[in-house]
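What you see below is based on every heavy atom in this structure, not just the backbone, and it leaves out hydrogens, waters and symmetry mates. Since this is a predicted model, take the numbers as computed values, not measurements. In what follows, chains carry the letters A, B, and so on, assigned in the order in which the sequence lines appear, proteins first and then strands, with residues in each chain numbered from 1.
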Amino acid sequence: MPTDKHAGHSGKEGSPGSGQTIQAEQVLLPDLDSNLERLHRFLGGGEDIVCRTLEHRSFNRTRYALLYIDGIVDGVAISTMLLGLLEDANASYTETEGAGEPNLYRHLTERSIAIGKLSDVNTIEQAGYAMLEGCSVLLVDGCLRAIVMDTTGGETRAVEEPSSQTVIRGPKEGFTENLRTNTSLIRRIIKSPDLRFEYKMIGRQTRTNVAVVYLEGIAEREVINEVHRRLDKIDIDGVLESGYIEEFIQDRAFTPFPLLQNTERPDAACGALLEGQVVIMVSGTPFSLIAPVTFAKFFQSSEDYYQRYDIATFLRIIRMTSFFISMLLPSLYIAITTFHQEMLPTSLLISLAAQREGIPFPALLEAFLMEITFEILREAGVRMPRIIGPAISIVGALVLGQAAVQAGIISAAMVIVVSFTAIASFVIPAVNMGIAARLIRFVLMILAGTFGLFGIMSGLMLLLAHLCGLRSFGKPYMMPFSPFVASNMKDVLIRVPWWAMRKRPTNIASDSNKFREGAGQKPRPDQEGA
Amino acid sequence: MKPAISTMQTAALVQSAITPTMVLAVPSIMISIAKQDAWISGVIALVAGMAMALGTAFICKANKGQLFVSWMESSFGKPVGIAIGLLLGIYYFNSFCIIVRSFTNFVSDIVLDQTPLYMLAGIMVAVTAFTVMQGIEALARSAFVVLILILVVVPLSVFVLYTDIDFKRLLPLFDESAARMMIASLPPVALLSEVSVLLLLTPYMKKPAAGLQAGLVGTVLGALQLLLVLLLGLTIFGQQLVPMMSYTFVNIMAIVEVGEFLERIEVFTVSVWFLTMYIKMSVFLFASVHCLVHSLRLRSERHMVFGLSVLAIVTSLTEWPRNMGGGFIFAVVNIPLLFIGNIVLPLLIALGLLITRGKRNKGGSQSS
Amino acid sequence: MRIRIKSFLSVVVLLFAALVTTGCWNRIELNEIAITSATGIDWDGENWIVSYQVVIPAAISSVTGGSGGTGPKSPIIVYSTKGKTIRDAIMHSFSESPRKLFFAHNRVVVIGEKAMRKGVNELIDVYFRNSGSRETVSVLATPGTSRRVLEQFMQLQAISGAGMKEIILSEMKNTSILPNVPVYQLAMEITGDAKSAVVPEIFVSGSEDTSSLDSFSSTSIPSKLKLGRLAILKNDQMIGWMSRKESLGAAYLRDSVQQSFVVVPCEDQEGKKGFDTVQILKSKTKIIPKLQGGQLSFKADVDVTGTLMESNCAQDLFKPGVIQSLEKEGEVQIIAMMQEAWKKGQELQVDLFGAAEKTHRKYPKQWKEWSNSWDEVFAKSPLEAKVKFRMARMGLSNKSFQYLLDKKEK
Amino acid sequence: MVTLRQMASMVIVFLMGSSSLFLLAGKAERDAWMAVALGVVAGFAVISLVTLQIQRLEPSLNLMEIFKLYFGKIIGFVIGFIYVLYFMYKCTRNVREFADLSIMFLLSDTPLSVLMLLICLIGCYAVMGGPAVFFRMAEVLLPILLLIYFLIYILLIGTGTVDLGRLLPLLEKGFKPVWDAAIPEIISFPFGEMVLFLMFWRYVQSSNFNEVIQMTLKGYLFAGAFITVMNVVIIASLGPLAGWSTVPLLQATTFVALGDVFERFDPFIALLFFTAVYIKLTAYYLGASLALAYLLGISLRIAAIPVGIGIYAGSFWFKSYMHQVNVGFEQNIKYQFPIFQMVIPVLLLIVMLLRSGVRSSSKQGQQSQPVSEDSHHAN
């Protein structure tokens with residue numbers, strides 16, 4: 001593989017064909033054999049590199065060679081192209097005015113190669129990178145330039161139903177690892193000419209293709225430039241998943257809250273595009289990133305827009321409350337039972353006191369114990385092979401909880417509280433927001449254990465200040481709530497029926513064209529006779 | 001980009017700079033002075049507060065968008081400007097310590113009586129420092145969210161107390177002499193004068209001209225909450241019993257009894273009240289840090305916040321003896337200090353501006 | 001710059017660790033508190049005796065049924081302590097109770113007659129000063145010692161403290177003879193213009209106590225807790241009792257009647273006498289002081305809505321004449337009760353009916369000179385009562401059963 | 001539009017309405033059912049000779065239009081307005097009755113004002129829907145009502161509470177008490193109220209008006225027979241106690257005890273009775289609103305609001321339940337109602353016959369603008 005020097009050098013170059021200072025030994029020489037030999041050395045001579053030399057009869061038998069890396073090329077395209085070349089090689093052309101390398105080169109590019117996308121390179125290193133990309137290279141003896149044919153292909157997973165973000169009603173197709181299929185899925189949904197794809201190559205070793213997708217005229221220009229600026233700044237060995245990029249380009253380094261939304265569903269991505277957000281798609285992972293994003297967006301699942309508005313509103317309120325439950329419930333339980341017992345109604349207090357009669361641990365420790373057991377069970381459930389995974393975590397939780405209560409280690413009320421919290425944290429559609437709630441829960445529990453409700457309120461104040469300070473790509477994170485934007489509130493806690501959602505969310509979509517649907521489309525039943 | 005806060009957010013900041021301490025200790029003092037006409041002195045305080053808001057906004061109009069200290073320097077010359085900046089910085093730091101101490105007393109009286117004071121003060125100042133470190137925009141946004149929360153919780157508590165209210169207890173109107181009513185309105189007027197914090201906030205506003213609107217809304221909201229607590233105290237407990245309670249608002253919430261389960265919820269209302277206390281502390285810490293950093297030409301505000309908060313914890317705990325009578329000291333003894341800081345100083349600034357404007361107009365071009 | 005941030009963070013983490021390790025000051029586990037459901041205050045000449053009725057959670061809730069196998073345990077225990085002042089007595093409780101006394105769920109405070117006669121100002125001060133105790137606790141007076149009241153068991157309610165509060169609340173809602181007086185209302189009335197207050201009485205009927213569980217094995221228990229008369233306080237000392245009839249009249253005058261009943265004599269065409277019972281659904285009283293020349297007099301007009309619950313005279317209830325006579329009789333009964341209560345108030349020279357406040361509101365100037373001699377002024381001012389009685393409904397049958405019997409023979 | 005079946009079911013439910021609650025003609029005690037039968041016959045005469053004739057002469061006009069056409073603009077308006085008040089008064093009586101009975105039976109502590117407000121609101125919602133919706137409600141409710149009544153009769157007979165022997169000494173006190181119990185009272189109470197239908201007949205979709213007449217009379221006779229049977233059952237089950245209880249049939253159902261499971265179900269039956277009363281009061285509410293809408297030229301929805309407020313305020317006028325019953329049975333039935341139910345309709349019929357010239361002109365005018373007329377009312 002190329003020596004370290006190359007790595008340093010090529011890193012800056014990044015995208016092919018833009019090299020400035022080409023050292024002498026990089027340039028293609030007229031002699032075919034030396035080129036082949038140097039190219040082999042550049043690519044480290046793996047035996048999956050295929051080299052096929054041909055001889056053209058009517059161009060005074062000049063030799064030319066086809067090179068590609070087997071496995072990452074589309075076998076069918078290669079074989080048809082080879083067939084075409086072989087025929088062309090034996091055909092005899094009469095009006096070959098000047099035989100020799102240059103017009104053979106032109107002849108091949110114009111008449112005989114059966115591949116759509118062609119381009120040419122003039123250094124060994126560019127040819128090598130192109131071959132690594134999955135293209136095939138044609139070197140002509142005596143010619144200083146080589147033809148690069150885009151024959152990328154290879155085994156990719158078929159389009160399946162997304163595993164993490166399932167939906168009862170709504171499209172069932174999900175993104176795959178192959179960037180080309182993903183862009184085609186988006187193209188199939190949004191067939192508008194203003195849909196822009198801008199490609200980048202990130203990662204010195206992995207050279208992952210990243211596509212920045214937006215709708216011209218709807219997404220804000222500054223946000224797009226900001227995305228590009230931050231992506232270009234990334235200088236890393238390899239990008240295997242969009243998560244790598246997420247941590248590089250988010251606004252604030254240390255925050256439990258996700259500043260970029262990820263989705264596996266093309267319809268969710270297109271929904272974001274239509275609302276003026278930018279989608280970053282990374283090849284090799286079905287999860288694409290959406291920016292800029294606000295706190296409220298994590299409580300909207302794509303199904304809200306497919307179901308009727310009343311159930312959608314109801315579910316949204318449930319999700320919001322379950323977020324706070326999963327964050328606050330255990331700490332509230334600790335605070336009220338150990339600091340402010342007077343808030344409990346008398347009968348509840350007596351039954352709780354009776355339960356806690358034989359419990360050795362203080363409420364805080366008891367809560368910690370149960371929380372950690374539940375986290376362990378959940379992780380075990382995920383890591384288990386697909387079939388028995390969920391069964392283990394649920395059965396485990398019940399059996400363990402029951403046994404602990406019988407043994408008198410944990411009070412029954414605590415098991416209820418902790419299991420309800422665990423379930424509540426599953427309700428949040430976006431997993432990364434659920435994770436945020438789980439982490440903050442532990443901090444709030446400690447504060448509740450030491451200062452009671454005062455501690456919880458201090459923790460909430462810290463949280464509020466932190467949230468209000470957050471920004472996602474320059475847009476305030478608590479957008480519709482604290483910099484109060486009345487028109488956006490239509491789609492946050494409640495979802496007004498579709499015919500009422502005329503304006504795009506302001507301050508996210510560009511201010512030029514605001515309206516996304518015509519006016520006065522409220523369905524009005526024809527007034528049937530008296 | 002320069003931080004920009006909206007009018008409503010500034011109003012929330014101004015309101016939370018006034019209300020928390022005012023609603024805690026002031027009602028029982030006012031009622032002990034002016035008996036059942038205390039709510040009239042509350043109205044007087046409201047009117048005075050609006051007047052002060054108008055005055056401050058008028059002064060702020062002269063500011064062409066520069067930050068406060070640099071504005072002072074540009075209008076009165078460098079040495080005087082720095083002196084004013086330092087003076088205000090110290091004044092705000094001192095009132096920050098007073099506020100921290102009164103809230104620590106409140107929390108340890110009502111909720112956590114065995115927790116040592118230094119730990120309470122430590123937690124409070126740590127949270128406040130963290131909030132101020134997030135910058136003025138984050139502070140403004142949290143103030144707005146807390147204001148919304150209060151505007152939901154306060155009417156709810158009135159609705160729940162509806163059965164106990166009996167307006168006839170206010171009846172012998174104007175029973176007390178006008179003099180007593182004026183004296184009773186002194187503490188709230190002193191606290192309402194905190195609206196002068198607008199001087200520092202207007203440069204940060206998106207529309208500085210709307211400073212007047214923000215000031216008015218802030219003072220009116222604050223005074224209305226005071227009036228609400230006064231009326232609740234008078235109509236539920238009558239004017240003899242209230243002077244006996246050091247924290248009227250807490251006792252009012254303590255007698256709520258709706259059904260068998262909704263009883264003894266005053267700790268919940270007080271916890272929601274903690275949020276407004278935090279905003280008030282952050283506003284004062286921000287003000288003092290802002291003044292000191294700009295007058296001493298320091299580089300970063302984060303270090304000043306860290307230093308000041310440690311100093312504040314120490315001073316607030318040691319400056320006053322342990323066994324102080326509830327909020328009394330801070331409400332009454334503090335009045336002259338508040339008057340100097342919030343009324344005399346802005347008046348001097350206004351006077352100075354008038355004089356210098358005459359000179360500046362003559363030599364209009366070179367000095368601005 | 002980098003080092004300083006790290007050091008700052010490490011300080012914060014240390015602070016946090018300090019938080020957890022030094023334990024949490026105000027933290028009291030649920031199994032470290034003794035929940036008191038009722039407190040009793042007595043005075044034995046020179047010491048306060050404070051008794052507490054503490055709830056034993058394990059005995060009540062069925063959750064830990066397993067461990068409660070050793071035969072039925074009493075759900076409450078009562079013990080008392082003695083001290084110079086009330087708080088002093090409460091502090092003594094630490095020397096004998098394994099758990100810290102917890103007053104937040106205290107429902108009722110029972111004050112013995114001797115303690116009432118000595119004065120309740122100390123008690124009220126204790127309730128307002130520290131944040132642990134609630135101001136919404138109901139005050140009850142008892143002729144004997146309050147400890148005996150606390151020791152009694154109650155039929156339906158395991159915790160007799162909560163049971164007492166439920167009795168007084170349901171009694172106030174359905175018959176309104178005795179008002180429920182929380183501590184803050186008692187304090188307001190004592191410091192009010194009239195400087196007087198009322199407290200309902202609770203006593204143990206029957207000879208010996210039902211303080212042991214085995215008395216529950218028979219169908220009826222030997223002695224029960226009952227609500228009795230009304231204690232009258234003047235300047236926080238008790239000066240006497242008021243009978244139940246007078247206290248109902250006082251309830252009308254204080255406009256604290258929610259629902260009540262009145263027995264009305266009735267007479268049919270043949271002159272046969274009988275009694276009807278009328279349930280009072282709503283009643284609203286206005287007391288208006290009137291000043292003619294120097295003489296102060298009070299006019300009380302009450303409008304009451306009632307429905308017929310029982311009719312023993314042979315009447316056709318839908319005849320307008322019959323309805324009018326029922327309403328007139330009702331008015332006579334209520335006026336009689338009110339006058340009786342007013343006379344008792346004047347006899348004891350204590351204004352229980354808020355007359356002072358209303359006079360202060362209406363005539364603030366004259367109130368200046370009346371305020372210190374109010375009891376004499378009140379004793380001399382007469383009450384002119386007027387009641388407007390309205391019968392809303394007659395129940396499910398439109399004639400009295402007696403009417404059907406008499407008609408049969410005609 | 002309203003179909004014939006709907007009109008018939010409305011007539012039955014309307015007549016069954018509150019009459020199912022009380023013992024009609026109580027003064028005739030044991031022979032009350034005969035008085036009712038007599039009343040049915042007398043009512044039949046009134047309705048077929050007077051009320052239906054008026055509508056037959058003017059099939060496509062409602063009462064208000066007929067007044068305006070035949071009595072001239074001003075007098076027509078005045079009499080029309082008086083009828084609006086009559087309909088509103090009848091509605092207030094029913095609302096107050098509904099509220100008092102439900103307080104006595106079901107919700108003893110609920111304040112009267114809240115209950116009446118609820119009833120008026122539900123009524124208002126039904127009226128807002130317009131006559132077509134309201135008649136559809138009646139058509140749906142009728143089978144349910146009949147089924148439940150039938151169930152009650154089966155239960156009463158099954159458990160032997162009904163004993164026809166109690167009727168036996170027929171006409172013990174001669175025919176006179178039956179006659180004076182029937183003539184003033186029974187004619188006007190359930191059966192004279194058919195005058196309200198003068199407001200509704202025009203909405204019926206039918207080629208010629210005779211079909212409507214047949215259907216109404218059939219409905220009327222069925223209802224009359226049904227009420228008479230109900231009276232017989234009450235007297236047969238309660239005997240001397242019949243006059244004692246305010247709501248005898250409900251009292252009878254409390255005697256039923258079929259095994260220890262099926263006992264004390266009368267609150268369920270009470271709810272059913274109140275549905276019938278609800279239909280009656282909403283019918284009056286609708287009649288009054290349609291009339292007011294026509295008189296003031298405003299849409300039905302807007303007219304329903306002042307009428308609703310008038311009804312709600314009016315129902316507080318009665319001092320007590322007894323006062324409401326006395327006013328109803330002593331004064332109204334004898335003096336006020338006959339004027340509205342018989343005197344004015346007869347007068348109107350005579351004027352219509354005399355001024356037949358006006359009627360012929362109104363016939364041509366009528367073809368030209370029927371459509372605008374309907375839409376004007378419907379929205």
Original post:
Is there a side-chain contact (heavy atoms from CB on, under 4.5 Å) between Leu453(A) and Val111(B) once you walk through the steps?
Top reply: CA-CA 9 Å; Leu453(A) 273 179; Val111(B) 182; 5.7 Å; no
Using non-hydrogen atoms only, which part of [X] is less than 4.5 Å away from chain A: side chain, backbone, both, or neither?
| X | answer |
| --- | --- |
| Val127(B) | both |
| Thr131(B) | both |
| Leu112(B) | side chain |

Original post:
Nearest 0.5 Å, what's the CZ-CG distance between Phe274(B) and Leu460(A)?
Top reply: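 Separation between the atoms: 12.0 Å.
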Subject >> side-chain contact (heavy atoms from CB on, under 4.5 Å) evaluation trace for Phe454(A) with Ile123(B) >> reply: CA-CA 10 Å; Phe454(A) 176 70; Ile123(B) 278 279; 3.9 Å; yes
Would you check if [X] and [Y] make a side-chain contact, meaning some heavy-atom pair closer than 4.5 Å?
| X | Y | result |
| --- | --- | --- |
| Phe268(B) | His340(A) | no |
| Met461(A) | Ile279(B) | yes |
| Met457(A) | Met277(B) | no |

Original post:
Would you say the side-chain atoms of Arg141(B) pair up with the backbone N or O of Cys468(A), donor to acceptor, closer than 3.5 Å?
Top reply: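 It does hold such a pair.
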Subject >> Heavy-atom neighbours of Phe442(A) CZ exceed 12 at 6.0 Å >> reply: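 More than 12 heavy atoms, drawn from other residues, nucleotides or ligands, come within 6.0 Å of this atom.
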**OP:** Mark yes when over 12 heavy atoms from residues, nucleotides or ligands other than Glu247(A) sit less than 6.0 Å from its CD; otherwise mark no.
**Re:** no
Can you name the nearest heavy-atom pair linking [X] to [Y], along with the distance?
| X | Y | value |
| --- | --- | --- |
| Glu342(A) | Val267(B) | OE2-CG2, 3.0 Å |
| Ser458(A) | Tyr278(B) | OG-OH, 2.5 Å |
| Ala138(B) | Ala465(A) | CB-O, 3.9 Å |

**OP:** Go through the atoms of Leu344(A) and report whether side chain, backbone, both or neither lie under 4.5 Å from a heavy atom of chain B.
**Re:**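 Contact with chain B is through the backbone of Leu344(A) alone.
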Original post:
What part of Met478(A) lies closer than 4.5 angstrom to a heavy atom of chain B: side chain, backbone, both or neither?
Top reply: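 For Met478(A), no heavy atom lies under 4.5 Å from chain B.
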